[in-house]
Undergrad: 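Please find one structure pasted underneath; my questions will follow.
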Amino acid sequence: MGEFDGKVAVVSGAAGGISNVILRRLVEDGAKGVLVDIDEEMGAEAAQKLNDAGREVLFCRTDIRESAQVDAAIQQAIERFGRVDILVHGAGVGVHKEVIDLSDDEWDLQIDVQLRGAFLLSRAVGRELVKQGEGGRIVLIGSTSGNNARPNSGPHAASKAGEIQLMRVMALELGKHGVTANVVSPGLTDISGISRSFQNPAYQKAFVTQVPLGRLAAPDEIADAVLFFASDRARFVTGQVLCVDGGYSAGKLAVNGPHTANDFGQL
């Protein structure tokens, strides 16, 4: 018996990366999975791999920027499994430029995938959860950039900050229906071997110097937090942001050393 037996989990961006690990963990623990991704080749392959391992996963090729495609994917899930219980929105794209160098299209791409996608998926799944009348879970994958700005992250930081406020509004609105909404905000995570994205080693090295625990996160550590929010163990937790970042968001590790305030005799 798994913790998620009888549950149906929709995970966006799960053809690869952290979202794929989250989906795998959910279905290994008993859930039926709905893999939502725009990459048809990788998505079909990822779903087949899990099905071959004895899990039950439906792949829905979906551009989550398009409301009709999102609604159709959730209807496919209902037709296949009869219900939905959990949404994890983890789809994302990377645009790393200074604000003054961004094109309109580059801004729109990241905002639309990460924030508009969160809205469209949450609306579609939320409507089903309310209709079912049995509660449910919405978990958005945020980022430390949502409350801790850094250069070259304008649309990324803006979309992740927007996700946090969207989640809080949904927690207030959906609580009366027994639906919880939360955000898991990863720090820099080691995605080597599981994603087409590439992390610059120099950037990784610089980032880790600001992490008190002194390393990158492992994808399964992010999944641990998501599975907690998705489970009955978090049935009374809603409207919250959990940073899984090794302490990165706690403060400025680089600001270190003695400080003397002579004017007031304070040390």
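Sequential numbering from 1 along the given sequence is applied to the chain's residues.
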Undergrad: CD1 of I78 to NZ of K131: how many Å apart, nearest 0.5 Å?
TA: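 Answer rounded to 0.5 Å: 7.5 Å.
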Undergrad: Can you measure from CG (L140) to OG (S159) and round to the nearest 0.5 angstrom?
TA: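 Separation between the atoms: 11.0 Å.
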Undergrad: Who passes ring-ring contact (aromatic ring centres under 6.0 Å, His included) against F81, sequence neighbours left out?
TA: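 Residues passing ring-ring contact (aromatic ring centres under 6.0 Å, His included) with F81: none at all.
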Undergrad: Between A91 and S19, what is the shortest heavy-atom contact and its length?
TA: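 Answer, listing the atom of A91 first, then S19: N-OG, 4.3 Å.
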Undergrad: Under 4.5 Å between any side-chain heavy atoms of V84 and V34, yes or no?
TA: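 No, too far: nothing below the 4.5 Å cut-off.
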Undergrad: Is the backbone N or O of K160 less than 3.5 Å from a side-chain atom of Q114, with the two atoms forming a donor-acceptor pair by type?
TA: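 Not confirmed, Q114 side chain does not pair with K160 backbone.
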Undergrad: Determine, step by step, whether T62 and V70 satisfy the side-chain contact (heavy atoms from CB on, under 4.5 Å) criterion, reporting the C-alpha distance in whole Å, the side-chain angles of both residues, the deciding distance to 0.1 Å, and the verdict.
TA: CA-CA 6 Å; T62 309; V70 169; 4.3 Å; yes
Undergrad: How many angstroms lie between CZ in R150 and OG in S143, if you round to the nearest 0.5 Å?
TA: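 Atom-to-atom, R150:CZ and S143:OG are 5.0 Å apart.
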Undergrad: Does any N or O in the side chain of E3 come within less than 3.5 Å of the main-chain N or O of G30, such that one atom is a donor and the other an acceptor?
TA: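 The answer is no, because no donor-acceptor pair under 3.5 Å joins these two groups.
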Undergrad: Distance-only, no hydrogens or angles: does the Q110 side chain make a donor-acceptor pair with backbone N or O of V93 under 3.5 Å?
TA: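 Looks like yes, one N/O pair under 3.5 Å.
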Undergrad: So with a 6.0 Å cut-off around CG of D104, is the heavy-atom count from everything else above 12?
TA: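 No, the 6.0 Å shell around CG holds no more than 12 heavy atoms from other groups.
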Undergrad: NZ of K205 to CG of N200: how many Å apart, nearest 0.5 Å?
TA: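 Answer rounded to 0.5 Å: 12.0 Å.
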Undergrad: Any link between L188 and Y248 through a network of hydrophobic side chains (Ile, Leu, Val, Met, Phe, Trp, Tyr) touching at under 4.5 Å?
TA: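 Yes, L188 connects to Y248 through the hydrophobic network.
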Undergrad: Are R25 and D220 close enough that some pair of their side-chain heavy atoms sits under 4.5 Å apart?
TA: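 Result yes, sub-4.5 Å side-chain heavy-atom pair found.
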Undergrad: Going only through I, L, V, M, F, W and Y residues with side-chain contacts under 4.5 Å, is there a path from V130 to V10?
TA: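 Yes, because V130 and V10 connect within a single hydrophobic cluster, where side-chain heavy atoms sit under 4.5 Å apart.
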Undergrad: Just so I know, are the side chains of L26 and R55 near enough to count as touching, which here means a heavy-atom distance under 4.5 Å?
TA: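 The answer is no; the side chains never approach within 4.5 Å.
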Undergrad: Does any N or O in the side chain of N20 come within less than 3.5 Å of the main-chain N or O of A46, such that one atom is a donor and the other an acceptor?
TA: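 Not confirmed, N20 side chain does not pair with A46 backbone.
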Undergrad: Quick one: do the Q75 and D71 side chains pair a donor with an acceptor below 3.5 Å?
TA: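 Checked: Q75/D71 side chains show no N/O donor-acceptor pair below 3.5 Å.
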Undergrad: Report yes if the side chains of V226 and I141 come closer than 4.5 Å at any heavy-atom pair, otherwise no.
TA: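 Touching, per the 4.5 Å side-chain cut-off.
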Undergrad: Say you draw a straight line from CD1 of I22 to CG of D224; how long is it, rounded to the nearest 0.5 Å?
TA: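 The CD1 atom of I22 sits 10.0 Å away from the CG atom of D224.
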Undergrad: So E221 and L216, side-chain contact (heavy atoms from CB on, under 4.5 Å) or not? Walk me through it.
TA: CA-CA 10 Å; E221 291 171 321; L216 303 180; over 6 Å; no
Undergrad: Give every donor-acceptor pair under 3.5 Å between a side-chain atom in residues 166-174 and any protein atom, sequence neighbours left out.
TA:
from: R168; atom 1: NH1; to: Q165; atom 2: OE1; distance (Å): 2.6

Undergrad: Kindly say whether A15 contributes a backbone atom to a donor-acceptor pair with the side chain of D37 at under 3.5 angstrom?
TA: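 The answer is yes, because a donor-acceptor pair under 3.5 Å joins these two groups.
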Undergrad: Within the side chain of S12, is there an N or O that forms a donor-acceptor pair under 3.5 Å with the backbone of G90?
TA: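 Here the side-chain-to-backbone pair exists.
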Undergrad: Could you report the tightest heavy-atom contact between L23 and A14, atom names first, then the distance?
TA: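 Taking every non-hydrogen atom into account, CD2-CB, 3.9 Å.
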Undergrad: Can you check whether I74 reaches E128 side chain to side chain, under 4.5 Å on heavy atoms?
TA: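 Touching, per the 4.5 Å side-chain cut-off.
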Undergrad: To check you understand the geometry: which heavy-atom pair defines the closest contact between V57 and A47, and what is its length?
TA: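 Closest pair (atom of V57, atom of A47, distance): CG1-CB, 3.9 Å.
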Undergrad: For residues L87 and L35: do they belong to one hydrophobic cluster (side chain heavy atoms under 4.5 Å, members Ile, Leu, Val, Met, Phe, Trp, Tyr)?
TA: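 Shared cluster, no.
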Undergrad: What I'd like to find out is whether the side chain of V113 reaches to under 4.5 Å of the side chain of R65, using heavy atoms alone.
TA: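 Yes, side chains in contact.
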Undergrad: Can you tell me if Q69 uses its side chain to pair, donor with acceptor, with the backbone of D63 under 3.5 Å?
TA: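 Indeed, once roles are kept as given, a pair shorter than 3.5 Å links the two residues.
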Undergrad: Can any side-chain N or O of S185 pair as donor or acceptor with the backbone N or O of T144 at less than 3.5 Å?
TA: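 Judged by distance alone, no pair lies under 3.5 Å.
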Undergrad: Could you tell me whether the side chain of S103 and the main chain of E106 form a donor-acceptor pair under 3.5 Å?
TA: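 Between the backbone of E106 and the side chain of S103 there is a qualifying donor-acceptor contact (under 3.5 Å).
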Undergrad: Taking all atoms of both residues into account, what is the closest heavy-atom pair of A157 and S145, and its distance?
TA: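 Taking A157 first and S145 second, the nearest heavy atoms are CB-O, 3.5 Å.
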Undergrad: If we only count heavy atoms from C-beta on, is the I191 to I18 side-chain gap below 4.5 Å?
TA: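 Yes, side chains in contact.
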Undergrad: Work out which heavy atom in K32 is nearest to a heavy atom in V27; give both atom names and the distance.
TA: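 Minimum heavy-atom contact is C-CG1, 4.3 Å.
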Undergrad: Nearest 0.5 angstrom please: R24 CZ to E28 CD, how far?
TA: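 It comes to 4.5 Å.
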Undergrad: So, S122 side chain and L120 main chain: donor-acceptor pair closer than 3.5 Å or not?
TA: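 Not a single qualifying donor-acceptor pair exists.
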Undergrad: Stepwise, does the salt bridge (charged side-chain N to carboxylate O under 4.0 Å, His left out) test hold for R137 with D232?
TA: CA-CA 9 Å; R137 304 283 184 265; D232 285 342; 3.6 Å; yes
Undergrad: Taking all atoms of both residues into account, what is the closest heavy-atom pair of N147 and C243, and its distance?
TA: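 The pair with the smallest heavy-atom distance is ND2-SG, 4.4 Å.
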Undergrad: Any link between V139 and V244 through a network of hydrophobic side chains (Ile, Leu, Val, Met, Phe, Trp, Tyr) touching at under 4.5 Å?
TA: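 In one cluster: yes.
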Undergrad: Is the number of heavy atoms from other residues, nucleotides or ligands under 6.0 Å of E45 CD greater than 12?
TA: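 Count not over threshold, so no.
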Undergrad: With hydrophobic residues grouped by side-chain heavy-atom distances under 4.5 Å, do V36 and L109 end up in a single group?
TA: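 In one cluster with V36: L109, yes.
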Undergrad: Taking side-chain contact (heavy atoms from CB on, under 4.5 Å) as the definition, give me every residue that meets it alongside K7, ordered by chain and number, with sequence neighbours left out.
TA: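 Expected list: F4, D85, I86.
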Undergrad: Check whether more than 12 heavy atoms from other residues, nucleotides or ligands sit under 6.0 Å from atom CZ of R123, and answer yes or no.
TA: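 For R123, atom CZ is crowded (more than 12 foreign heavy atoms under 6.0 Å).
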Undergrad: In the structure I gave you, are the side-chain heavy atoms of Q240 and T180 within less than 4.5 Å of one another anywhere?
TA: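 When only atoms from C-beta onward are counted, T180 and Q240 do not touch, as no gap falls below 4.5 Å.
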